[in-house]
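Since the structure comes first, as structure tokens, the remarks are kept for the end.
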Number of protein chains: 2
Amino acid sequence: MRKVADSTVRRLSLYLRFLDEFEGQGVETVSSAALAQRGGTTSAQVRKDLSFFGSFGKRGLGYFVPELAQRLRQILGLGRRYRVAMIGAGKIGSALVQYRGFQQSGFDIVSIFDVDPAKIGTQWNGLTVRSIDELDRDLRAQPVDMAVLVTPADAAQAVTERLVALGVKAILNFAPAQLNVPDEVVVKTVNLALELETLSYALTNR
Amino acid sequence: MRKVADSTVRRLSLYLRFLDEFEGQGVETVSSAALAQRGGTTSAQVRKDLSFFGSFGKRGLGYFVPELAQRLRQILGLGRRYRVAMIGAGKIGSALVQYRGFQQSGFDIVSIFDVDPAKIGTQWNGLTVRSIDELDRDLRAQPVDMAVLVTPADAAQAVTERLVALGVKAILNFAPAQLNVPDEVVVKTVNLALELETLSYALTNR
DNA sequence: GTTTGTGAAACGATTCACAGCT
DNA sequence: AGCTGTGAATCGTTTCACAAAC
């Protein structure tokens with residue numbers, strides 16, 4: 001598959017959300033213009049985004065909502081569920097474990113690890129926090145598809161290397177650190193303080 | 001000020017972090033190449049990013065670490081602290097209130113609001129959760145610079161309109177909803193499930 | 001008549017490459 | 001000699017505009 005821009009993939013995720021909404025409202029077909037309006041973009045952008053993957057619409061009519069939703073799920077790899085390990089049982093970790101949006105999109109958090117003896121053994125949303133020492137054993141017995149990293153910055157790289165060695169191929173990183181991984185592993189870093197800083201910049205420069 | 005790309009602003013935030021690190025290590029000067037390596041970009045990119053705002057380096061030498069850090073803080077509007085209201089005392093809200101990265105970057109969460117009577121009046125990290133009914137009164141008495149929105153999607157737009165009416169000019173939105181705001185208000189939406197979906201896409205298409 | 005799908009054009013961001021300063 | 005600052009070139013993304021399909 002030819003390289004598709006990250007911005008395109010993100011928009012496809014959005015379109016899928018809107019399609020689910022439309023489907024819930026019983027809407028049967030949708031035009032690129034309608035999707036565009038809902039997503040704050042243009043109809044040409046919507047059509048171009050979809051055109052990377054095929055032609056799913058009917059001229060003069062638009063797209064069949066359930067069909068396009070199905071196609072997008074396929075494209076995004078959301079036709080299955082994913083097993084996710086949470087590394088770090090701090091504040092953010094605790095919130096994410098209970099965040100329903102993950103489950104709704106097909107991501108099941110199946111284990112939590114921490115270094116803190118005070119946390120190990122406690123119950124989090126039905127899961128027992130495991131010692132990070134058990135990471136290798138646990139993940140070998142019950143492999144995961146992805147990891148969510150919510151450790152302090154200085155621990156992030158070391159844990160990442162263990163995860164990579166265990167075959168984890170995708171990491172969502174909340175630690176404010178740059179992770180070095182081999183090419184076959186995909187990392188997405190979310191830096192919450194940085195998001196506020198872009199707001200601060202916008203407030204300042206006007 | 002001429003329009004600067006969002007990607008540029010985000011990199012500036014990163015550079016500032018690295019400069020703080022370098023400063024902590026007693027490093028006095030840094031080249032664009034060194035900053036680039038730390039940030040996973042190129043030296044030309046670093047110099048171009050900075051050039052939008054002035055010329056801060058010395059040819060043949062590089063940049064003075066404390067001076068450049070100071071300049072970046074100024075550019076990003078981080079020479080002051082910001083008062084932030086948290087709207088929604090759910091899981092994510094609770095995590096963010098305690099997230100130290102916000103404070104470290106100059107963002108102080110000074111109030112929390114929720115609709116749930118069971119939560120109103122409880123203490124969160126030293127703050128009392130207030131009823132959303134008190135939003136107008138509270139924010140008029142103690143204005144804030146920004147709001148972090150962590151409500152359910154269907155409540156987001158209504159709260160946003162109240163915040164805008166109260167003069168809030170920047171909103172960090174975690175609700176999976178598109179917010180409509182006037183031009184003078186800046187919104188940054190973070191959609192956590194969507195980040196996992198980009199990973200799912202990357203895993204699927206290889 | 002309406003709306004898609006898509007080359008072509010326009011725009012924007014990144015990289016190159018080098019003159020100019022220290 | 002080393003490194004910045006920047007115009008020019010390149011690369012990638014978005015927008016335009018229209019022929020083709022229904």
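All values reported here derive from a predicted model rather than from experimental measurement. Order of the sequence lines fixes the chain letters, A, B, ..., with proteins taken first and strands second; residue numbering starts at 1 for each chain.
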Mind calculating the distance between [atom1] ([X]) and [atom2] ([N]) to the nearest angstrom?
X: A/Phe52; N: C/dT4; atom1: CZ; atom2: P; answer: 17 Å
X: A/Glu28; N: C/dT3; atom1: CD; atom2: P; answer: 16 Å
X: A/Leu61; N: D/dC22; atom1: CG; atom2: C1'; answer: 8 Å
X: B/Arg11; N: C/dG12; atom1: CZ; atom2: C1'; answer: 12 Å
X: B/Phe56; N: C/dC21; atom1: CZ; atom2: P; answer: 19 Å
X: A/Leu35; N: C/dG5; atom1: CG; atom2: P; answer: 12 Å
X: B/Lys58; N: D/dA1; atom1: NZ; atom2: C1'; answer: 18 Å
X: A/Leu50; N: C/dG5; atom1: CG; atom2: C1'; answer: 10 Å

Query raised in the report: Between B/Ser43 and A/Thr41, which has a closest nucleotide on DNA chain D that is more 5'?
Result: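 Per heavy-atom nearest nucleotide, the more 5' residue is B/Ser43.
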Query raised in the report: Is there a donor-acceptor contact under 3.5 Å from the side chain of A/Arg162 to the main chain of A/Ala158?
Result: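 Not at all, since once roles are kept as given, no pair shorter than 3.5 Å links the two residues.
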Query raised in the report: Do side-chain atoms of B/Ser200 reach the backbone of B/Leu196 as a donor and acceptor pair under 3.5 angstrom?
Result: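 Here the side-chain-to-backbone pair does not exist.
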Requested in this report: Kindly point out which of D/dT14, D/dT6, D/dC18 is positioned nearest to the side chain of A/Arg47?
Outcome: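 Nearest nucleotide to the side chain: D/dC18.
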Requested in this report: Output the single nucleotide from C/dT15, D/dT14, C/dA13 whose closest atom is nearest the side chain of B/Ala5.
Outcome: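 So the side chain of B/Ala5 is nearest to C/dA13.
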Report task. Please examine the side chains of B/Val159 and B/Leu149, heavy atoms only from C-beta on, and report whether any two atoms are closer than 4.5 Å. Result ->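 Touching, per the 4.5 Å side-chain cut-off.
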Query raised in the report: Quick one: are B/Tyr82 and B/Asp108 in side-chain contact, heavy atoms under 4.5 Å?
Result: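 B/Tyr82 vs B/Asp108: side chains apart.
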Requested in this report: Remember a base hit wins even if backbone is also touched, and classify A/Ser7 as base, sugar-phosphate or nothing at under 4.0 Å, heavy atoms.
Outcome: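 If one applies the 4.0 Å heavy-atom cut-off, A/Ser7 turns out to touch the sugar-phosphate alone, with no base involved.
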Requested in this report: Quick one: label A/Ser32 by what it contacts on the DNA or RNA (base, sugar-phosphate, nothing), any heavy atom closer than 4.0 Å.
Outcome: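 Contact class for A/Ser32: sugar-phosphate only.
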Is the shortest side-chain N/O distance from [X] to OP1 or OP2 of [N] below 4.0 Å?
X: A/Gln45; N: D/dT13; value: no
X: B/Arg59; N: C/dA19; value: no
X: A/Ser51; N: C/dG5; value: no
X: B/Tyr63; N: D/dG2; value: no

Query raised in the report: Does the side chain of A/Asp138 pick up a donor-acceptor pair with the side chain of A/Gln142 at under 3.5 Å?
Result: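 Note: A/Asp138 and A/Gln142 side chains miss the donor-acceptor criterion.
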